[in-house]
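See below for the structure under consideration.
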Amino acid sequence: MDQHLSEQEILRRDKLKELISLGINPYPANEFKINASALDIKENYERDKLNYKDISIAGRILTVRDMGKACFAQIQDASGRIQIYVRRDDISPGEDKSLFDHVWKKLIDIGDIIGIKGFVFTTKTGEISIHVTQLQLLSKSLKPLPIVKTDDSGQSFDEVNDPEFRFRQRYVDLIINPQIRDTFRKRTQIIQSIRNYLNNAGLLEVETPILQSIPGGATARPFVTHHNALNIPLYLRIANELYLKRLIVGGFDGVYEFAKDFRNEGMDRTHNPEFTVLEFYVAYKDYNWMMSFAEQMIEKTVIDLYGNTEVKVGENTIDFKAPFKRVTMYDAIKEYTGIDISNMNETELRETCKSLNIHTEASMGKGKLIDEIFGAKCEGNYMQPTFIIDYPIEMSPLTKKHRAAKGLVERFELMINGKEIANAYSELNDPLDQRERFEEQLKLQERGDDEAMFIDHDFLRALEYGMPPTAGIGIGIDRLTMLLTNNASIQEVLFFPQMRPEKTLSEA
RNA sequence: GAUUCCGUAGCUCAGCCGGUAGAGCAUUACACUUUUAAUGUAAGGGUCCUGGGUUCGAAUCCCAGCGGGAUCACCA
């Protein structure tokens, strides 16, 4: 590969060669035994000094302050950063000072990973540090690492904040912007809290197909791929709903899956082509039960994360204390427009949209028009967690008809910070009704709606065997994480958000 | 998809009316045995995103493309 190397890269390769010629393996194979972490030392040294007289720790060098016959450096391990003190006569006690003068000072760079042994002490200026007695290079770094410095007041200098750099080279982002690691630890913690909650409630974690011959369970454009041996097209799933409901038919009373779903649609700060959705289904329950269950689960997740129910998101403080407010969609629209649409037909709804300056299309049916009004006038107002309940039937082909109100279904969405976080309903388990709903979708498809659902005949067959009444929900894990970590962009909560391929790299 | 802003050293950024590029950090060399963005002195480092055009001359002006961000539309 013909690489264009910078001055600093050439220099580091030269250093690598010299290390090898000195008999130092820059990438040793041996295990380096560690008995402490940066965080452990900082938290426990002061009250347990005897236990930190002989420690072994490894990490990446981030800064070096050279004082002549001694150096201060900062290393970073998984737990954080700690200062090390390297003195010439301690790591090179004999006549031969080359380990300090040459190897440490000339051949080891910022970005290298080293293992050290030594003892913990507190410097004159009060910083807990490691006095190094032995030092081993564990991995030589060939690329210069951007240096982000922070002063006492917390102000940082040369912070790498170019999103392209950070997302394409997330590994560098994670090294130099340690607060980024925190977001991802929280993401994992959120998922763990939810998993524990669902396990404690007796639900079974399952896995269902990602490659599907009929992409179902949502209205969205799928990615298509091809299976060579079967010679058939396969789709990456847009949802796992229909498979989880098949498992309810099969006799599991509660199932859940943290699912990677894929949608071949636009990308922006709340959409990535692959994303994570938690879906779960519980037999013999309805959407009222699901609201209580979900709000308690989310409240518990927030408490696990922060110790209380309040989270600061942008300018707002959101309180996740259950129970959440419940508002019907008609009441929401009445509240924010003053208009009662509950008895309107399609023409009247279209007129209402016009009077509210909402753009409509001829293809929009009654349900879609209502949804447009809600989206334009109401959605953004719900900062605190609020269940919007009872949706028009046209938008909800997998949802059971409302037990009391005609033209509505038993569905709710959870709105937080003006955005939808969860979508749930009493699942439609009447196979004949479900078949009619699919056929309605087919008509939409024939009218040119490329997002309308396909008819899944096997799913209908499953329903014909009988599915218990079931409550189901889907929760956007990426968006929940964005909320709970106060990030406005989905790219900030995905390690590797989708990017266009880097031309310069592939052609190099 | 539409609009708009941005792309200069490893990183963060200057660069005016068009005259062949600068700073800080990083790097290299020297000094310094408890420093805190360590400091001081000196040095090296550039496909100014790519390709065209205008011009005696383009990082700068114009056009097209590539990449990224933001806003809007659609969606979760």
Side-chain angles (χ1 to χ4, degrees), chain A residues 4-12 14-15 62-74 83-90 100 105-106 109-111 121-127 129 131 141-169 172 176 218-221 238-239 259 261-279 359 361 371-372 375-376 413-414 419-423 450-451 474-480 482 488-491 497 499-505 507:
Chain A
H4 192 83
L5 294 177
S6 71
E7 182 194 35
Q8 293 192 45
E9 288 173 310
I10 292 164
L11 190 78
R12 288 193 178 212
D14 290 343
K15 291 178 177 182
L62 292 185
T63 62
V64 180
R65 289 184 290 276
D66 182 357
M67 306 298 295
K69 294 191 182 66
C71 296
F72 289 92
Q74 205 177 29
Q83 177 168 272
I84 66 171
Y85 176 58
V86 183
R87 194 162 68 170
R88 184 173 76 170
D89 296 336
D90 290 320
F100 181 84
K105 280 179 82 159
K106 306 291 182 195
D109 292 301
I110 287 171
F121 73 113
T122 306
T123 66
K124 215 189 263 178
T125 52
E127 179 157 348
S129 308
H131 192 126
S141 167
L142 297 181
K143 282 200 146 328
L145 190 68
I147 307 299
V148 180
K149 292 189 174 181
T150 309
D151 70 13
D152 283 342
S153 65
Q155 183 176 0
S156 58
F157 301 81
D158 296 343
E159 195 167 351
V160 178
N161 47 26
D162 172 19
E164 183 169 5
F165 185 105
R166 291 184 44 232
F167 300 150
R168 284 197 196 280
Q169 301 187 55
V172 179
I176 64 183
T219 53
R221 275 193 297 274
I238 55 175
D261 290 344
F262 306 85
R263 297 190 185 175
N264 203 343
E265 290 168 349
M267 294 163 55
D268 60 29
R269 71 181 198 292
T270 57
H271 296 83
N272 194 68
E274 59 180 285
F275 58 104
T276 304
V277 176
L278 164 69
E279 289 198 36
H359 177 75
E361 311 238 348
D371 196 54
E372 288 291 317
E413 291 190 356
L414 175 58
K419 295 187 188 75
E420 180 199 334
I421 291 295
N423 179 21
D450 60 352
E451 290 188 348
I475 299 176
I477 294 299
D478 309 293
R479 290 184 179 178
L480 183 64
M482 286 165 64
S489 165
I490 196 170
Q491 298 172 107
M499 303 286 269
R500 282 199 162 80
E502 229 177 324
K503 262 213 176 105
T504 48
L505 261 190
E507 287 173 0

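In what follows, every chain begins at residue 1, and chains take the letters A, B, ... in the order their sequences are listed. Source: prediction; values computed, not measured.
As rounded to the nearest Å, U20(B) and C25(B) have C1' atoms that lie 27 Å from one another. Here, G57(B) and C66(B) have their C1' atoms 27 Å apart, quoted to the whole Å. Using atom C1' as the reference point in both U71(B) and U47(B), the two lie 33 Å apart (nearest Å). Taking atom C1' on both A9(B) and G52(B), the two are 27 Å apart, rounded to the nearest angstrom. Comparing the P positions of C48(B) and U4(B) gives an interatomic distance of 28 Å, to the nearest angstrom.
Distances shorter than 4.0 Å separate some side-chain N or O of Arg500(A) from OP1 or OP2 on G67(B). The side chain of Lys106(A) places no N or O atom within less than 4.0 Å of a non-bridging phosphate oxygen (OP1 or OP2) of U28(B). Within the 4.0 Å cut-off from OP1 or OP2 of A38(B), at least one side-chain nitrogen or oxygen of Lys149(A) is found. When the side-chain nitrogen and oxygen atoms of Arg269(A) are compared with OP1 and OP2 of U71(B), one or more of them lie within a distance under 4.0 Å. For Arg65(A) and U35(B), the shortest distance from a side-chain N or O to OP1 or OP2 is not below 4.0 Å. Listed pair Lys143(A) / U27(B) fails the phosphate criterion, with no side-chain N or O lying under 4.0 Å from OP1 or OP2. The shortest distance between the side-chain N/O atoms of Gln8(A) and the OP1/OP2 oxygens of G44(B) is not below 4.0 Å.
In this structure, Lys69(A) does not pair ionically with Asp89(A), as no charged nitrogen and carboxylate oxygen lie closer than 4.0 Å. Under a 4.0 Å N-O distance rule, the pair Lys105(A)/Asp66(A) qualifies as a salt bridge.
Among the heavy atoms of the strands lying under 4.0 Å from Arg168(A) are primed sugar atoms or P, OP1, OP2 only; no base atom is included. Among the heavy atoms of the strands lying under 4.0 Å from Phe121(A) is at least one base atom, whether or not backbone atoms are also near. Contacts of Asn272(A) with the nucleic acid, taken as non-hydrogen atoms under 4.0 Å apart, include base atoms. Across all strands shown, Asp66(A) has heavy atoms under 4.0 Å from base atoms, whether or not it also approaches the sugar-phosphate. If you check every strand for non-hydrogen atoms under 4.0 Å, Asp261(A) touches nothing. No contact: Lys105(A) has no heavy atom under 4.0 Å from any strand.
Searching all strands for a Watson-Crick or G-U wobble partner of A64(B) with both distances below 3.5 Å returns U50(B). Shown here, U3(B) forms a base pair with A70(B); the pair counts as Watson-Crick or G-U wobble because both key distances fall under 3.5 Å. Across all strands shown, U41(B) pairs with A29(B); the Watson-Crick or G-U wobble distances both stay below 3.5 Å.
With hydrogens and angles left out, the side chain of Glu7(A) and the base of U27(B) share no donor-acceptor pair within 3.5 Å. Counting distance only, with no hydrogens placed and no angle test, the side-chain atoms of Thr123(A) and the base atoms of U35(B) include a donor-acceptor pair under 3.5 Å. Evaluation of atom-type donor-acceptor distances gives no pair under 3.5 Å for the side chain of Asp151(A) against the base of A38(B). One N or O donor and one acceptor, one from the side chain of Gln83(A) and one from the base of U35(B), sit under 3.5 Å apart. Under 3.5 Å, the side chain of Asp158(A) and the base of G24(B) form at least one donor-acceptor pair of N or O atoms.
Between Tyr85(A) and His131(A), the ring planes are perpendicular. Angles over 60° get that label, and only those under 30° would be called parallel.
The glycosidic torsion of C17(B) lies within 90° of 0, placing the base in the syn range.
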*From CA spacing to verdict: side chain to side chain contact (heavy atoms under 4.5 Å, CB included), Ile110(A), Leu62(A)*: CA-CA 5 Å; Ile110(A) 287 171; Leu62(A) 292 185; 5.6 Å; no
